[in-house]
There are 2 protein chains.
Amino acid sequence: MEEALPMTQREAELIERLRHVGLRPTRQRLALGGLLFQGDDRHVTAEQLHGEALAAGVRVSVATVYNTLHQFTEAGLLREVVVEAGRCYFDTNTSEHFHFFFEDDARLMDIHGTNADALTQVLPGLPVAPEGMLVERVDVIIRLRRA
Amino acid sequence: MEEALPMTQREAELIERLRHVGLRPTRQRLALGGLLFQGDDRHVTAEQLHGEALAAGVRVSVATVYNTLHQFTEAGLLREVVVEAGRCYFDTNTSEHFHFFFEDDARLMDIHGTNADALTQVLPGLPVAPEGMLVERVDVIIRLRRA
DNA sequence: ACCGCAGATTAGAATAATTGCAAACTGCGG
DNA sequence: CCGCAGTTTGCAATTATTCTAATCTGCGGT
């Protein structure tokens, strides 16, 4: 039997957060959540996160990482961003924002600040969705290359 | 030996177009080009195009379809659009424009018309690319779902 | 504390899209 | 009509993701 580890504030918050969206706070979900939601915004692939988990000594399968990422996305804790065929990123920043994508090193970066604001303001109104359709999400990706 | 078929105007134009971008007008490239550049704008996946080619009685391998699509893209005859993890579309409309994506039937549609214009006008200036980087391309995808 | 079970996790196989490769083929300039 | 660089091909290899069926586990009820 394991000694009950002291629970940090962050852990307690994470548990509450999971419960709130109807997900049972299992060992794996807590571990992955802990890696994902530590401070600054992150953009990870399933592979990456799996690697980090293993490196941190957490036993977890790739399948579970995928399950968890999708469940988190479903629950609104993550946002999925597709940039390249056959690679998909999960973004811990779920607010309305756009992305820079650095093609040279396949890295994704949030765009925030005044530059993006004008763009944000223009988007909501247009273009009008076709009859009977509603806008699920708007993705704006600005692809960059070393000059 | 085959009888030389009469060459239509469109075929001749396609040959010229390929030569102009430095691609040898081979049987396969002509067939695929013919399917792609017939009138209205198209959004096809490699699989789809391969299917169409076979249906049209053109012998061509999947590998060649991929090669050709990428060469055409490289040459500026096509534009690649990534919408879903593990599926990538090629758009015969290479001008600056945005896309609707119908999540229900995985279909892509160009956005043109006045609605998109305001957005187009806002894009060029911002957001400013980070130091030493230049904007390769801006992708705007508006994801739709049946209401 | 202990039980039981619905929900979660797992390894490994299966699927899907795409790319790599080495051998065979073919426009096209000479 | 020759020759070769550029193309194409089938197939194997890779990569990302999903499926599956057996096993495990959080947690409410006792």
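All values below were derived from every heavy atom in this structure, side-chain atoms included, with hydrogens, water molecules and symmetry-related copies excluded. In the text below, chain A, chain B and the rest are named by the order of the sequence lines, each starting its count at 1.
Side-chain N/O atoms of B/H70 include none lying less than 4.0 angstrom from OP1 or OP2 on C/dT18. Residue A/R19 has no polar side-chain atom (N or O) positioned under 4.0 Å from OP1 or OP2 of D/dG26. Note on B/Q28: a side-chain N or O is less than 4.0 Å away from OP1 or OP2 of D/dT9. Residue A/R87 has a polar side-chain atom (N or O) positioned under 4.0 Å from OP1 or OP2 of D/dA16. Contact check, B/Y66 against C/dT19: no side-chain N or O comes under 4.0 Å of OP1 or OP2. When the side-chain nitrogen and oxygen atoms of B/R29 are compared with OP1 and OP2 of D/dT8, one or more of them lie within a distance under 4.0 Å.
In the set D/dT9, D/dT18, C/dA8, C/dA8 carries the atom at the smallest distance from any side-chain atom of A/T26. Set against C/dA11, C/dG20, C/dT18, the side chain of B/E47 has C/dT18 as its closest nucleotide. With distances taken from any side-chain atom of B/R24 to the nucleotides D/dT9, C/dT18, D/dG6, the minimum falls on D/dG6.
Residue B/T64 is in base contact, counting any heavy-atom pair closer than 4.0 Å across all strands shown. Among the heavy atoms of the strands, none lies under 4.0 Å from A/H50.
Atom CG in B/L18 sits about 17 Å away from atom P in D/dG6, given to the nearest Å. Whole-Å rounding puts the B/Q48 CD to C/dA16 C1' distance at 15 Å. Look at CZ on A/R27: it is 18 Å from P on D/dT23, rounded to the nearest Å. Between the P atom of D/dA16 and the OH atom of A/Y89 lies a distance of 10 Å, rounded to the nearest Å. Between the CD atom of B/E84 and the C1' atom of D/dT15 there is a distance of 18 Å, given to the nearest Å. A straight line from CG of A/L69 to P of D/dA16 spans 14 Å, rounded to a whole angstrom. D/dT18 atom P lies 9 Å from atom CG of A/N67, rounded to whole Å. Taking atom CD of residue A/E80 and atom P of nucleotide D/dA16, one finds them 15 Å apart after rounding to whole Å.
Comparing B/L23 and B/S61 by the nucleotide of DNA chain D that holds the closest heavy atom to each, the one mapping nearer the 5' end is B/L23. Comparing B/R59 and B/V62, the nucleotide of DNA chain C nearest to each residue sits closer to the 5' end for B/V62.
Scanning both residues, B/D139 and B/R79, for their nearest heavy atoms gives OD1-NH2, 2.9 Å. When all heavy atoms of B/L14 and B/G34 are compared, the closest pair comes out as CD2-N, 3.5 Å.
Between B/H99 and B/H97, the two ring planes are perpendicular [angle over 60°; tilted spans 30° to 60°].
Here CG of B/D104 is found 6.0 Å from CZ of B/R145. Values are rounded to the nearest 0.5 Å. A distance of 11.0 Å separates CZ in B/F101 from CD in A/E136, rounded to the nearest 0.5 Å.
In this structure, A/H70 contributes its side chain and A/Y66 its backbone to a donor-acceptor pair below 3.5 Å.
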